[in-house]
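What you see is a predicted model, and the numbers here were worked out from it, not measured in a lab. In what follows, chains carry the letters A, B, and so on, assigned in the order in which the sequence lines appear, proteins first and then strands, with residues in each chain numbered from 1.
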Amino acid sequence: MGPSLLLYTLRRLVQAVPLVFVIILINFALIHAAPGDPIDFLLGSSDATEEYIAQLRAEFGLDRPLPEQLLAYLGKMLSFDLGYSLRFREQVLTLILSRLPATLLLMGTALVVASLLGILLGAVAARRPYSATDNVATLAALAGYSMPVFWLGQIMLLVFALHLAMFPTQGMMSLRAPREGLGMVLDVAHHLVLPVATYSVYHLALVFRLTRVKMQETLALDFITTARAKGLPEGRVVYRHALRNAMLPVVTVIGLNFGFMLAGSVLTETVFAWPGTGRLLFDAIQARDYPLLMGLFTVLSVMVILANVLTDVIYALIDPRVVYR
Amino acid sequence: MPSSIPASSIAEAAVAPAPSAWRIFRHNRAAVAAGAILVLLAAFALLGPALAPFDPVRTGVGPSMAPPGLPHLMGTDELGRDVLSRAAGGLRISLLVGLGAAGAATLIGLLVGGVAGFFGGLIDDALMRVTEVFQVIPRFFLAILLVAFFGAGLFNIIFAIAILGWPEVARLVRAEVLTLRSRPFVDAARVAGASRTALIVGEILPNAMGPVVVNTSLLVGQAMLLEAGLSYLGLGDPGVVSLGVMLQEAQQIMRSAWWTSAFPGLLIFLAVLALNLLGDGLNDVLDPRARER
Amino acid sequence: MTKLSRRDLMAAGAATLAVPGPVLAQGTPRRGGTLILAIEGEPATLTSHLATDTPAMMVANNLFNALVLLNEKLEPVPDLATSWTVSPDGRAYAFELAQNVRWHDGRPLTAADVEFTFNEIVAKLHPRAGSWWPNVESAKATGPHSFEFRLKQPFAPFLTMLGSVLSSGALIMPKHVYENTDARTNPANQRPIGSGPFTFSRWQRGSFIELNRNATYFKPNRPYLDRLVFQVSSDPAARLLAFERGEIDFLHWYIVPYDRIGRLRTDRRFRLYQKGDAAATNGLMLINHRHDRLKDAKVRQALAHAINRETINQRGLFGEAKVAKSHVGSTIAWAFTDRFDYAFDPAKANALLDEAGFRRGADGRRFPLRLFWASGRDYEGRGAEIIRDNLRDVGVDVTVQVFDRTSFTDRVFRQWDFDLAMQLFTTGPDPTVSVTPRYHTNAIRRAPFVNGMGYSNPEVDALFDREPTITDPAQRAQAWHDIQRILMRDLPALPLFELPPIHAASARFADVVTGPQGYIENRENAYELR
Amino acid sequence: MAGAPLLSVEGLETHIATHAGTLRAVDGVDLHVMPGEAVALVGESGCGKSMTALSVMRLLRPPARTVAGRVAFEGQDLLALEEAAMRRLRGDRIAMVFQDPMTFLNPLMRVGDQIAEALAQHRGQSMAQARQAAVEALRSVRIPEPATVARNYPHQLSGGMRQRALIAMAVACRPALLVADEPTTALDVTVQAQIMRLLAGLRRDLGSALLLITHDLGLVAEYCDRVYVMYAGQIVEHAEVGALFRAPQHPYTRALLAAALPPHRRVAELAAIEGQPPSLLSPPPGCRFHPRCPARVAPCDRDAPPLFVLSPERTARCWLHARSPADAAAS
């Protein structure tokens, strides 16, 4: 199964290529559909020299027919040339890569925390549907679902950073007394708590609700009766037989929601001054740095696509029925 | 037919007269409360601007940053504008964005999903590929790009948010249409010589509406949250005051005047929570099977 | 003015540690400590030759030196230049440089670096060079540590200009790093090698910029602090929280929350600094002179009478600002006059508008106007709201529109597509470099922050052209009074408020702001109290 | 018939709470199974026979609930047992074989592991030992290459193989009673016969009793000793297999038998049972079968008939057997 899984992964990756192409196409279409000269979008309102404008025109072939321009644009994208940031005077790709680790740390932690907690709480609630515990958890999940992320973040800051003074308010590490090694890891973890808590809420609520429903459905399935008829203890029935089956749709939705999670990262990173791609996007919006905006869109889209491939692979690992085709 | 034993036994209950939709809905007390809250909020949004004693736009109708009390129930902001009057208008705009975006997303989804499901074949394949693309790309980012490129007008914002929601609707509708397409009553209509359009509009869509209505009610809330998010990033329509724009404005002074942020935030929260609860309630009534949404 | 040697004076200045000004602190300065300063956005570069954004300047001033700096009276004091002489005709400026200055990489700083900086970088790249460089005939090294400017004609504010690095971009850059490279894309823009009190340590993208103490700084005992950290913090609410929690030590005047200043003032954990005259800034309402109603002077004057600027100060800036009464900043005492200001008088405004022939219609309205502002400075938005209400009271139907800063700049200064617009303009350190470039006819260009209003008056142009060549201070002041009279009558823009130069710092630090540059000055004098 | 019954059910009532009211799925059922005996519970789908089996196994889930009755198994009252004690019996002393081998197997678990689980649970074996035993259990239900099949997932097996695997799971612990709920309904006719023969063989080898729940009278005739016929939540007739087929005493049984005959032998008026089974929410007054009964008499639509005892091993719930009021009272 090892090699076939690898092949499957590769095949899914290849199948994702057209999607990347579509992303690039959307970028290209936006440049040309937006009001104004495409060169304005590549330049913003910076005081570019005539040579630079001419150079850009040549690079993007803006004087040539549209299909040729598209080819030129594709060529640039495929050679990882995402353009030059007007605001930061730096290669867009370099900028994004320098910010990506912070975002991945925040997102990864939030994804793991939210998914694990959500699945666990969902499974517990599903065992006793409509009990007091279930009702409270369900309502809390709906509440988490219904709050603007940035507003929640600000409330978190006021409560936990200002009044209780339990957590720092900003950034990824203490700047006054930088630490090394384990100290730094703990420091970063300390800074991570509030952003992750804020960021996880929506996703946690989503996973909780889905798991709860799927668990209820699964617990009503026939093979659960079989498991009980075997005399298995209820815990084994719920967590070994039901949960694993209920997880399948949950895994899919977690994967599909990766893109939505990115949206939350923009807002969370801005509130908590987290130095990731979300903040970069915020800066790019403020400065109308179009090459950077489009570069971020491209890179983050590719991340989402990769996350979907990963989801498929994880799904295949859990579900033996998936045919590696 | 795979069925669990209890399920087949419970199926006997179907022999008994089915409880009315209203009775099931009423059974979900939270949904009823949510419905009531929504009616109140809608009344506040629609009548508020007329009833509110103050011009929501006019500065200096009260002192600067007066805390909640009389006559300013939600206090005033730094320019001495009445927060309650502004919030009423803001809620109206937010609901408009929510309903507009959800409505547009539903329409697009109905069209795409309906056509794909009914005609099948190549058309289905092509439309579903497009839908998949839109499901995978980070749509919030696309919305940001659209608003940033084309301007932060209310229409653009609604359109950008609608783009976020339609793929789910399309898939939902397609799935429903696929199952409904082969039902006897559709065959009957086909034999009776109904046109394709008549079939889709007259026979299939009405029967597929249950899950769609549920989804739309959830989309409205999502759209309101997205509008607030866009506003926070400075991409709200500055010409009209939505709750999101109010929240964004309140950033600066929320420590001096908490009420300028608390009330708009609470209103969004209440409205979206009520919409979600309502969606749950409608789900019980309209679509007991597809509860995963 | 015959000979303007200040060598003696300056030598004395250098002996008393260069920068006068009250020492606010208890106790004596001592070494050590980390100062964390908030910046509202990520800078583009850490040098000053490309950007004029606040964050970049805040950092760059700690990494580089200028020839001269300014004292509280806006007089030049030594930085790299230990002394200077001005020729009797006012056209030659000769500087002697400190001998013991080294770049952070150990190379000596010489007059060749100065020559390179002005001729190859400032003249060619600096966005604001146009306001003063055209006066320069040549800039040449005359020895390893001597340097001379020759001007085409006398230019009174020349030294003030050099000292005002925000306006002139005159921070000296290392020739050996930039020679034969594209100075716009040189990697040293991100990892600068300077001569200043602090050296570049690291730039964690999106997070912070860290500078370390320059142990071999040429000024004795300076700097005191071990580290400077510039923390990027964009969300105003979170930034204030971080400041109150002690995670950030310094909020500069553009990001101090005016609504909280009252509280901060009474809180012993914090100290407010009200300094920064060299970078004094006024809020203005630009008036488009091409508009068919606004081109009537009576209409513009009516607007001036109709707008309650004290309300803008009270509600827009929480009473922390001053009403601006002229186009010249009140901090430039020798030139400023408030004699030509307008009183808040709606009745008079109504009368003027009627006189101009724009009577109220049946609905009480006279004509519509659009008022633009750029998102980012919330007090401008609040000001716009108040102006709209004031003007509606006299029958002018104003619609407020807000844009992101880039679109705003584009509309107002490139497209000239606006009626009224909110804009900040620096008024220091000398009106020649701050006022003239925005009202002179030759400043009607499609470029940011110049005369987008299309205001043209040959009478004032003549004054603008003659005034910098006047070497007698009294006469020059008179010329500026004349200019203000005309400008306040013609109203190319209505001055609204003088932004208060208030900075907030943690009380654990002393002398965080000591000079007139305010937020952008270097922190070589700041120290931590124990 | 001598000795104590292995399983004895008395007055079993199982209700299902629904939106519309309480549904009496099992309404006072009495039955017993002797050790080693094969007993059939026959009826149309929805008559409550599966609910009876689940009630006995205590595998009901809300909203279904047993509200009255006694279930004695090997002398213990199952309904009064602690859940933990009941769990020790389930899968060990009483095992159940279900209808649809696809849906009753966990799709994400290897077949061998699903069998081994029960062994590990009841026999205290390690998982490794239990896996070995599972292979043996698969071999005992005559699955070829049992070691390979044990490593397979359910979807990789054919329907018949899956049913064998389910049976292997049930018999792995050598239960005293095997409850088989429509074990062949989902299978091809040829496979049905194989499975039934397998069950019969296993029963002989293990000495287990069998409670076979089915609507297929053919299976009953071939494999069972006694029959209970169930209609609308109640037992309507009980007899030894031969006696029942020879002379059915309830019109419903008669109708069932007729429906099971090949078409050319059907008696016209009994070819099919007219109408629908009644709602168990509000059963008709009187005899529950009367609306469909071709032989109804005067009291049928008024008074519910008792179970008339015709002989020690023979009962029928029909007014046709009311020879005197005393008979009725005797039940």
Engineer: From B:Leu142 CG over to A:Leu300 CG, what is the distance, rounded to the nearest 0.5 angstrom?
Structural biologist: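 Between B:Leu142 CG and A:Leu300 CG, I get 12.5 Å after rounding to 0.5 Å.
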
Engineer: Non-hydrogen atoms of chain B under 4.5 Å away: do they reach the side chain of A:Ile305, the backbone, both or neither?
Structural biologist: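 For A:Ile305, heavy atoms of backbone and side chain both lie under 4.5 Å from chain B.
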
Engineer: I would like to know whether A:Tyr145 and B:Val272 meet side chain to side chain contact (heavy atoms under 4.5 Å, CB included); could you show each step before the answer?
Structural biologist: CA-CA 8 Å; A:Tyr145 222 54; B:Val272 179; over 6 Å; no

Engineer: Of the backbone (N, CA, C, O) and the side chain (C-beta and beyond), which part of A:Ile224 lies under 4.5 Å from a heavy atom of chain B, both, or neither?
Structural biologist: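 A:Ile224 has no heavy atom closer than 4.5 Å to chain B.
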
Engineer: For B:Asn276 and A:Arg209, run side chain to side chain contact (heavy atoms under 4.5 Å, CB included): C-alpha distance rounded to whole Å, both residues' side-chain angles, the deciding distance at 0.1 Å, then the answer.
Structural biologist: CA-CA 12 Å; B:Asn276 284 338; A:Arg209 279 170 61 80; over 6 Å; no

Engineer: Pick from A:Pro18, A:Ala284, A:Pro148, A:Pro249: which one has the most heavy-atom pairs with chain B under 4.5 Å?
Structural biologist: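 The residue among A:Pro18, A:Ala284, A:Pro148, A:Pro249 with the greatest pair count is A:Pro148.
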
Engineer: Around atom CZ of B:Phe159, are there more than 12 heavy atoms from other residues, nucleotides or ligands closer than 6.0 Å?
Structural biologist: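 Open: at most 12 neighbouring heavy atoms sit under 6.0 Å from CZ of B:Phe159.
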
Engineer: Do you know which of B:Arg129, B:Gln222, B:Met224 has the most heavy-atom pairs with chain A at a distance under 4.5 angstrom?
Structural biologist: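 The residue among B:Arg129, B:Gln222, B:Met224 with the greatest pair count is B:Gln222.
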
Engineer: Check each atom of A:Leu158 against the heavy atoms of chain B and say whether the ones under 4.5 Å are side chain, backbone, both or neither.
Structural biologist: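 Contact with chain B: side chain only.
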
Engineer: What part of A:Leu162 gets within 4.5 angstrom of chain B, counting heavy atoms only: side chain, backbone, both, or neither?
Structural biologist: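 The answer is the side chain of A:Leu162.
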
Engineer: Tell me, side chain or backbone of A:Tyr202 under 4.5 Å from chain B's heavy atoms, or both, or neither?
Structural biologist: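 Side chain only.
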
Engineer: Measure A:Ile285 against the heavy atoms of chain B and call it side chain, backbone, both or neither at under 4.5 Å.
Structural biologist: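 Contact with chain B involves the side chain of A:Ile285 alone.
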
Engineer: Can you tell which of B:Gly265, B:Gly229, B:Ala228 has the highest number of heavy-atom pairs within less than 4.5 Å of chain A?
Structural biologist: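 Answer, by heavy-atom pair count under 4.5 Å with chain A: B:Gly265.
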
Engineer: Measuring only between side-chain heavy atoms, which start at C-beta, is B:Phe150 closer than 4.5 Å to A:Leu30?
Structural biologist: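 Yes, close enough: below the 4.5 Å cut-off.
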
Engineer: I'd like to verify something: which residue of A:Thr138, A:Asn135, A:Asn27, A:Val266 has the highest number of heavy-atom pairs under 4.5 Å with chain B?
Structural biologist: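 Of A:Thr138, A:Asn135, A:Asn27, A:Val266, A:Val266 has the most heavy-atom pairs under 4.5 Å with chain B.
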
Engineer: With a 4.5 angstrom heavy-atom cut-off, could you sort out which part of B:Leu266 is near chain A: side chain, backbone, both or neither?
Structural biologist: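 When you check distances to chain A, atoms from both the backbone and side chain of B:Leu266 fall under 4.5 Å.
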
Engineer: Verify whether the ring centers belonging to A:Phe297 and B:Phe141 lie closer than 6.0 Å.
Structural biologist: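 No, too far apart.
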
Engineer: Within the 4.5 Å heavy-atom criterion, are B:Gln251 and A:Val271 side-chain neighbours or not?
Structural biologist: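 Counting from C-beta outward, B:Gln251 and A:Val271 never come under 4.5 Å.
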
Engineer: To the nearest 0.5 Å, how far apart are CG in A:Leu142 and CG in B:Leu275?
Structural biologist: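 Nearest 0.5 Å value for the CG-CG distance: 11.0 Å.
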
Engineer: In Å and rounded to the nearest 0.5 Å, what is the CE to CG distance from A:Met147 to B:Leu273?
Structural biologist: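 One finds 8.5 Å between CE of A:Met147 and CG of B:Leu273.
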
Engineer: Can you confirm whether A:Trp151 sits close enough to B:Ser261 that some side-chain heavy atom of one is under 4.5 Å from a side-chain heavy atom of the other?
Structural biologist: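 A side-chain contact under 4.5 Å exists here.
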
Engineer: Would you indicate whether the side-chain heavy atoms of A:Leu139 and B:Leu277 approach each other to under 4.5 Å?
Structural biologist: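 Side-chain contact under 4.5 Å: yes.
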
Engineer: Do A:Val149 and B:Leu225 make a side-chain contact, defined as non-hydrogen atoms from C-beta onward lying under 4.5 Å apart?
Structural biologist: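 Answer no - side chains too far apart.
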
Engineer: At a heavy-atom separation under 4.5 Å, does B:Ala262 approach chain A through its side chain, its backbone, both, or neither?
Structural biologist: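 For B:Ala262, the contact with chain A is made by the backbone alone.
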
Engineer: Does any heavy atom of chain B fall under 4.5 Å from the side chain of A:Ile26, the backbone, both, or neither of them?
Structural biologist: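 For A:Ile26, the side chain is the part near chain B, not the backbone.
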
